[in-house]
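Worksheet: the structure to be examined is printed underneath.
Both backbone and side-chain heavy atoms feed into the values below; hydrogens, waters and symmetry mates do not. Throughout, a chain's letter reflects where its sequence line sits, starting with A, and its residues are numbered from 1.
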Protein chains: 2
Amino acid sequence: MSMDTKEAILSAARTAAQAHGYGGLNFRDLAAEVGIKAASLHYHFPSKADLGAAVAKRYWQDAAAELEAMRSELPDAADCLRRYPTIFRRSLENGNRICLCSFMAAEHDDLPEAVKKEVENFADINVSWLSKTLAAAGLTDLAKTEKHARAIFAAISGAQLLARSRADIAVFDELVSSYRETGFLPG
Amino acid sequence: MSMDTKEAILSAARTAAQAHGYGGLNFRDLAAEVGIKAASLHYHFPSKADLGAAVAKRYWQDAAAELEAMRSELPDAADCLRRYPTIFRRSLENGNRICLCSFMAAEHDDLPEAVKKEVENFADINVSWLSKTLAAAGLTDLAKTEKHARAIFAAISGAQLLARSRADIAVFDELVSSYRETGFLPG
DNA sequence: CCTCATCTATCTACCACTTGGTAGACAGTT
DNA sequence: AACTGTCTACCAAGTGGTAGATAGATGAGG
């Protein structure tokens, strides 16, 4: 059964793209990582654009599932918001990588259309989860909830990026702590 | 005198890298933009790493000069802070580009060592200017000034990135406005 | 139970194109 | 005569992608 192979490709491609971006992805290295030949990748994903879109789609789907799970497990919305940054922290822990979609946001102009769409979806599901959770926590003026949600998402993304550029997770932690001190983020 | 050529190369390379990153830079397209042949680029910059480092260095030097000029022209430190985001806004206006060093921060793992150094310098001069200006404006608890400065820099970078991914400057403006409403940024 | 066709997933062997980089000729200036 | 800056003409390595062979599994009909 080679459904496992397809999964292995998606997983390895996600990891590679979090370190090198869409442009930095290449079939030979990816195939070697999975343990097959480059030509075989084209059986599962006809073109690089197909692969990129599939990886980005899976990425936001996984994120959506994880956020929903957090919301179910943690009854207090404010607790969810406190934990939110740890999702981004994990990428840094995992070999100083960053969010797939932050990298792809930078590469925006060079992405195939199908990939751009999935990148947008990632931002959307984050913002909508943050909006919902901010509202549940009653932490924001209702008219500005979504605006605030977007701001949190952007600020955390920026923190992750800056931390990567120093290859230092402590930078990320300090930034999050600063967001909290200013009351911008609950904590 | 071909000192002009060197300047033209640096300028074209900066623009290209703000749209496509270090990895997306290539000698042939760059040479065509400048109006010379690819081989001639190697006369001015022996290797791509040399070019990348020179571009990033010039980038933070220009930024440092502009920030100092702003500080001289605007007597009120709080006014400087209010104007700070417009520097990042300009990249977006200029063909939906982003800060060279944000792009390169994403590409961190694939950058030559010399380029990484210059990218760090850019962040450093921004943070130190922000620290100085925050202190002068008396807006922050002194012990936390630099921490707050870093947070502003990261948040603005994130806003620029998210705006690019939507190719929409209004997104940037709204994010900055949100940072102001939360009191995170003076406005 | 055997056989034959089909399907699945992989392989080897290419290909055209792009990449950063080099060698050496050349013309204009000093 | 030497230096400066550009050129043409290469090159080796790497890119995404294709063609076609091949081996193993699957399933239907005799």
So, do A/V55 and A/E118 sit near enough that their side-chain heavy atoms are less than 4.5 Å apart?
-> no
Nearest whole angstrom, please: distance from the P of C/dA9 to the NZ of A/K37.
-> 19 Å
Whether A/Y179 and A/F184 hold their rings parallel, tilted or perpendicular, with breakpoints at 30° and 60° = perpendicular
Please state whether the phosphate of C/dA9, meaning OP1 or OP2, lies under 4.0 angstrom from any side-chain nitrogen or oxygen of A/T5.
-> no
Spatial distance of atom CG (A/L51) from atom NE2 (A/H44) [nearest 0.5 Å] | 11.0 Å
Can you tell me if the side-chain N/O atoms of B/H44 get under 4.0 Å from OP1 or OP2 in D/dT4?
-> no
Integer-rounded Å distance: D/dC7 C1' and B/F27 CZ = 17 Å
Do we see a donor-acceptor contact under 3.5 Å between the side chains of A/N94 and A/S91?
-> no
Are the charged groups of A/R166 and B/D124 less than 4.0 angstrom apart, N to O?
-> yes
If you restrict it to nitrogen or oxygen atoms, what contacts under 3.5 Å exist between nucleotides 23-30 of chain C and the protein, and what is each distance?
none

Backbone N/O of A/D50 and side chain of A/S47: donor-acceptor pair under 3.5 Å | yes
Do the side-chain N and O atoms of B/Q18 and B/R14 include a donor-acceptor pair separated by under 3.5 angstrom?
-> yes
Rounded to the nearest angstrom, tell me the gap between atom CG in B/L41 and atom C1' in C/dG20.
-> 11 Å
With the threshold set at 4.0 Å, does a side-chain nitrogen-carboxylate oxygen contact exist between B/E113 and B/K116?
-> yes
Salt-bridge test for A/D109 and B/R97: reply yes if a basic N is under 4.0 Å from a carboxylate O, no otherwise.
-> no
D/dG14 base / A/R28 side chain donor-acceptor hit below 3.5 Å | no
Taking the six-membered ring for Trp, are A/F122 and A/F153 parallel (under 30°), tilted (30 to 60°) or perpendicular (over 60°)?
-> tilted
Return the value, rounded to whole Å, for the distance between atom CD1 of B/I9 and atom C1' of D/dT6.
-> 11 Å
Rounded to whole angstroms, how far apart are CG on B/D110 and P on C/dT19?
-> 17 Å
DNA chain C contacts made by residues 46-57 of chain A, counting heavy atoms under 4.0 Å = none
Would A/E73 and A/R83 pass as an ion pair if we require N to O under 4.0 Å?
-> no
For D/dG5, does OP1 or OP2 lie under 4.0 Å from any side-chain N or O of B/Y43?
-> yes
Cationic tip of B/K6 within the cone over B/Y43's six-membered ring, i.e. under 6.0 Å and within 45° of the normal?
-> no
Whole angstrom is fine here: how far is it from CD in A/E7 over to C1' in C/dA9?
-> 16 Å
Calculate the interatomic distance between B/H42 atom NE2 and D/dT6 atom P; express it in whole Å.
-> 14 Å
Looking at DNA chain D, which of residues 12-26 of chain A put a heavy atom within less than 4.0 Å of it?
-> A/L25, A/N26
Separation of D/dG5 atom P from B/F45 atom CZ, nearest Å, is 12 Å
